[in-house]
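Structure record follows, encoded as C-alpha cells.
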Number of protein chains: 2
Amino acid sequence: MAKAGNHREITVADVAREAGVSKAQAARALGAYGAVSDAVRERVLAAASRLSYRPNQLAKTLNTGRSHSIGVVVGDIENPYFSLATRGISDAVERSGFTVVLTNTSERVMAERAAVNMLMDKRVDGLIVAPASTGDSPHLRAVVDAGRPLVLLDRTVPGLAVDAARADIEPAAREAADHLLDLGHRRIGYITTADGSDVRPDGPHPLPSPVAARVAGLVAGFTERGLTWDPDLLRPCRHDEAAIRKAVLDLVHSPSPATALIASDSLIGQVVVGALQEQGLRIPDDVSVLMYDDQPWARLVTPPITVVAQPTYDIGYAAGARLAALIGGATNPPPLQPLPATLIRRGSIAPVADGPPARHERTPAT
Amino acid sequence: MAKAGNHREITVADVAREAGVSKAQAARALGAYGAVSDAVRERVLAAASRLSYRPNQLAKTLNTGRSHSIGVVVGDIENPYFSLATRGISDAVERSGFTVVLTNTSERVMAERAAVNMLMDKRVDGLIVAPASTGDSPHLRAVVDAGRPLVLLDRTVPGLAVDAARADIEPAAREAADHLLDLGHRRIGYITTADGSDVRPDGPHPLPSPVAARVAGLVAGFTERGLTWDPDLLRPCRHDEAAIRKAVLDLVHSPSPATALIASDSLIGQVVVGALQEQGLRIPDDVSVLMYDDQPWARLVTPPITVVAQPTYDIGYAAGARLAALIGGATNPPPLQPLPATLIRRGSIAPVADGPPARHERTPAT
DNA sequence: TTGAAAGCGCTAACAG
DNA sequence: CTGTTAGCGCTTTCAA
C-alpha cells in the first residue's frame with residue numbers, strides 16, 4: 001500500500017539544496033549543534049520554514065539512541081489513583097523534555113509483559129511501571145539487564161533491586177485499625193482486587209506490596225491487643241463490579257457478619273458504598289466503612305467516607321523526577337523515600353452496634 | 001554520555017552471523033516476509049532466541065513508514081470522560097496492532113499544538129484529538145495536509161473536514177431543559193470550563209461544539225415556550241476548582257438567583273455539589289442540579305444526581321475503529337454517526353420553590 | 001532461494 | 001566554519 005497521499009516528506013537534504021549548502025551544514029543549523037556561520041544558519045532556517053520542514057525524530061533517535069520518550073505502564077488508567085499519578089509523572093518528565101507513552105494493562109500480567117517489551121522495542125529512554133504481579137517478573141528483569149532505567153510505581157517487586165515511588169501506607173493502616181478496634185470492631189472485612197493469575201484457589205494469596213502493607217497494619221492492630229484477625233475476612237476479587245458486590249454481600253450476610261468493611265481503593269469503595277445502600281444497610285450505623293485513596297466524592301456522600309489518603313500526584317512526580325535523573329546519568333541516587341499517607345476521619349466509622357444489623361429501607365432522598 | 005551500561009544491542013547482523021547466513025536472509029526469516037527455506041528459517045530463529053534478539057522497531061519504522069502507533073491528544077486525562085474514551089480507543093486499535101501514545105494538554109491550546117507536532121515528528125500512523133479550541137487550528141490542518149489520518153473526539157472544528165466521534169447531545173439537552181422548565185425553573189445557571197485563550201473578556205465566548213450543543217438544547221427549550229434564557233447565566237470558568245466554586249456562589253447568591261444549576265461535566269459537577277453542600281443549600285429543595293456525564297458517585301450521593309449520560313466508551317471505540325480503518329487505507333468511509341445521549345432522572349431536580357431559598361445548616365450525617 | 005548493495009533521514013567523525 | 005563520508009538497524013531492490 002502506498003503511503004497515504006503522495007506527500008514526499010521534506011528532509012534535510014531538501015532544505016540543504018534549497019539553501020544551497022551541504023547536508024551536514026543544514027543538519028547542524030537545524031539541530032543547533034556544531035559550528036555554523038550566522039549567514040548559513042539564516043539561509044537554512046529560512047529554507048526550512050519555506051518548505052515547512054519537520055525533522056524526523058525517528059531517524060534522530062536511530063543514531064543518537066535517545067528517543068526523549070519514556071514508557072509508563074499502569075494497570076488501570078481509569079483508576080483515579082493512576083490517572084493522578086500519571087499526571088504527576090508527566091509534569092515531572094515533560095520539564096526535562098520527555099514525552100510519555102502510556103499503556104494500560106487492565107491489570108493483566110500478560111498485557112504488562114507485552115507492553116514492556118513493546119516499549120523496549122520502541123527504544124524508550126526509560127520505564128515507569130506499576131507491576132501487576134508480585135511474582136517473578138522476567139520482563140522487568142530484562143529491562144534492568146538491558147541497562148534501561150526503570151522506576152516502579154506504587155508497588156515493589158521482591159528480588160528486583162529497583163527503586164519504587166510509593167506511600168508509606170502501614171502507619172496509616174495501623175492507625176485506621178486502631179480506630180476501628182477502639183470502637184469495638186472485631187469482624188473487619190478487607191476487599192481488594194487481584195489479577196486472576198495471582199489468585200490461587202488454594203494456599204495464601206500473594207498480595208501486591210501496598211495491599212500487603214495495608215493488611216499488615218490491620219493485623220498489627222489486632223495482634224497488639226492480643227487478638228487475631230480472621231484471615232477469612234480477606235476477600236481478593238476479580239476487577240469486576242459483580243465480584244466486589246458479591247464479596248460485600250458475603251461479608252455482611254455471613255453468620256458471623258463483618259461490622260466494618262475496608263475497601264482497598266476508591267474504585268472498590270464506590271462499589272462497596274453502592275452495594276451497602278442497595279441492601280438498605282446504613283453507614284455507619286449498620287456497617288462502618290474505610291476506604292483507601294481520597295476522592296472528591298468521598299466528601300460528597302452521606303455520611304462522608306473516612307479514608308486513608310495518599311499524596312498520589314507527588315508519588316507520580318517523584319517517580320518521574322527520579323526516572324529523568326536516571327536517564328540523565330545519575331549513578332547512585334539515594335533511595336526514594338516513601339511519602340506519608342494519612343487517615344482522614346469523616347463520618348463512615350462508628351462504634352459497633354450490638355446484635356445483628358437491622359434491615360432498613362433504602363434511605364430516601366432528603 | 002555513553003549509553004547506560006555497555007550492552008551492545010543485538011542486531012540482525014549478529015543473528016545472521018550466528019546463523020551463518022546473510023543479513024538479508026536473517027531479516028527475511030525474522031520479519032516473516034520474502035522467501036526463506038525452512039532450514040534457514042529454523043537456524044535463524046534458533047540463533048535469534050539464543051542471542052535473545054529484539055528487533056528495533058525504530059529502524060523498521062524508518063523505512064517502512066509505519067510505526068504501528070497512534071497519537072491520542074486529550075485535554076485532561078483525569079476527566080473520567082476522557083479516561084473512559086481512551087480505554088475505548090485503546091481497545092479498538094490494539095486489536096489492529098497499534099500502540100497508543102497518550103498526551104495530556106491540560107486543555108491548553110499551546111500544549112495541544114506542541115503535542116500534535118511532536119506526534120507527527122514521531123511519525124505516528126494517525127491521530128485522535130479532542131481539540132481544546134474552537135478557533136483556527138493550523139496544527140490540525142497541517143495533519144490533514146500531510147495526509148495523515150485524523151479523527152476528532154468529542155468536539156468538532158468548524159471549517160475542518162474531519163470526522164468526529166461524539167454523542168448527539170442536543171436532544172437530551174433539550175429534554176433536560178423541558179424537564180426543568182416544566183418544574184417552573186426559569187433562572188438556570190450553566191457552568192462550564194474553557195481554555196483561557198478562548199475566553200475573551202468582551203464579546204461572546206466561542207463554546208466548544210459539545211458545550212454549544214448543550215446550551216443550544218437549553219435555549220431551544222426556552223424559545224419554544226416564548227421565553228428567553230438569560231445568557232448572563234452562562235458561566236465559563238478556568239479549569240480550576242476555585243473558579244467553579246465562585247461561579248456557583250455568584251449564581252445562587254445573585255439578587256435574582258438561579259434556581260437550578262447545570263454542570264457541563266462530572267468534574268464540574270463534583271465541585272458544584274460540594275459548594276452547595278458547604279453553603280448549606282439543599283439539593284433539590286433549594287437548588288436543582290443537572291450534571292453532564294454519568295459517574296458511579298452520582299448514584300451514591302443524597303439525593304442521587306440527575307444526569308445526561310453519554311456512551312463514552314463507545315465513542316472512544318468508534319474513534320479508534322475509524323482511525324484504524326483510515327490507516328488501513330479505507331478511502332471514503334461513511335461519516336461517523338453521533339451516538340445517543342440520554343437523560344437519567346434521579347433525585348436532584350425538583351419543582352422550583354417560591355421565594356428566595358432559605359439557608360440551612362449542612363445536612364448532618366444520617 | 002540466496003546474497004550484495006542501496007537506501008530510510010539523520011548525526012557524527014574526519015578532513016579541509 | 002564547511003563539506004565529505006560513514007554509519008544507526010532495518011527493508012528492499014536486483015542479480016545471481
Side-chain angles (χ1 to χ4, degrees), chain A residues 1-3 6-45 47-48 51-68 120-125 146, chain B residues 1-3 6-45 47-48 51-68 120-125 146:
Chain A
M1 184 187 343
K3 200 171 289 180
N6 0 346
H7 304 267
R8 217 185 50 72
E9 311 261 7
I10 307 291
T11 74
V12 266
D14 298 318
V15 176
R17 196 174 321 111
E18 172 87 5
V21 298
S22 75
K23 207 177 65 167
Q25 276 310 80
R28 289 195 259 255
L30 260 8
Y33 63 91
V36 192
S37 70
D38 290 351
V40 167
R41 183 185 358 268
E42 230 165 84
R43 263 191 303 154
V44 170
L45 262 28
L51 301 176
S52 47
Y53 164 77
R54 306 250 68 206
N56 185 327
Q57 295 299 340
L58 255 41
K60 190 173 300 198
T61 300
L62 188 57
N63 49 37
T64 58
R66 330 230 52 167
S67 63
H68 297 288
M120 290 292 282
D121 293 350
K122 283 222 152 83
R123 297 301 189 267
V124 293
D125 292 337
Chain B
M1 182 187 348
K3 202 171 286 181
N6 358 346
H7 305 267
R8 221 185 47 71
E9 312 262 6
I10 308 290
T11 73
V12 264
D14 298 319
V15 176
R17 196 175 321 110
E18 171 88 5
V21 298
S22 75
K23 212 176 61 165
Q25 275 311 81
R28 291 194 257 254
L30 261 8
Y33 61 87
V36 192
S37 67
D38 291 349
V40 167
R41 186 188 354 270
E42 229 165 85
R43 263 190 301 151
V44 169
L45 263 25
L51 300 176
S52 49
Y53 164 78
R54 308 248 63 204
N56 185 329
Q57 294 299 340
L58 254 40
K60 189 171 300 197
T61 300
L62 188 58
N63 52 36
T64 57
R66 329 230 55 167
S67 62
H68 297 287
M120 290 291 282
D121 294 350
K122 282 221 153 85
R123 297 300 189 269
V124 293
D125 292 338

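This is a predicted model, so every value here is computed, not measured.
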From C-beta outward on K23(B), which listed nucleotide comes closest to its side chain: dT11(C), dC10(C), dT11(D)? dT11(D)
Side chain of V40(B) only, please: which of dC10(D), dT2(C), dA5(C) is the nearest? dT2(C)
So does R123(B) pair up with E9(A), basic N to acidic O under 4.0 Å? yes
Tell whether R28(A) reaches the base of dG3(D) with its side chain through a donor-acceptor pair below 3.5 angstrom. yes
Please determine, for the side chain of L62(B), which listed nucleotide (dA12(C), dG3(D), dC8(C)) has the closest atom? dC8(C)
State whether K60(A) and D121(B) are salt-bridged, where the test is any N-O pair (Lys NZ or Arg NE/NH1/NH2 against Asp/Glu carboxylate O) under 4.0 Å. no
Look at the side chain of A24(A) and decide which nucleotide, out of dC10(C), dG9(D), dA12(C), has an atom nearest to it. dA12(C)
Which is more 5' along DNA chain C, the nucleotide nearest Q57(A) or the one nearest S22(B)? Just name the residue. S22(B)
If I take atom NE2 in residue H68(B) and atom P in nucleotide dT11(D), what distance separates them, rounded to the nearest angstrom? 10 Å
Is N63(A) side chain donor-acceptor paired with the dC10(C) base, going by distance under 3.5 Å alone? yes
Considering just the side-chain nitrogens and oxygens of Q25(B), establish if one lies under 4.0 Å of OP1 or OP2 belonging to dG3(C). no
With respect to the side chain of A59(A), which nucleotide from dG9(C), dT2(C), dA12(C) is positioned closest? dG9(C)
Taking 4.0 Å as the cut-off, does a side-chain nitrogen or oxygen of Y33(A) come that near to OP1 or OP2 on dA12(C)? no
Phosphate OP1/OP2 of dC10(C) contacted by Y53(A) side-chain N/O (<4.0 Å): yes
Side-chain N or O of T61(B) less than 4.0 angstrom from OP1 or OP2 on dC8(C)? no
Can you figure out which of dG9(C), dT2(C), dC1(D) approaches the side chain of S37(A) most closely? dC1(D)
Ranking A35(B) and P55(A) by the position along DNA chain C of their nearest nucleotide, the one closer to 5' is A35(B)
Quick one: are R43(A) and V21(A) in side-chain contact, heavy atoms under 4.5 Å? yes
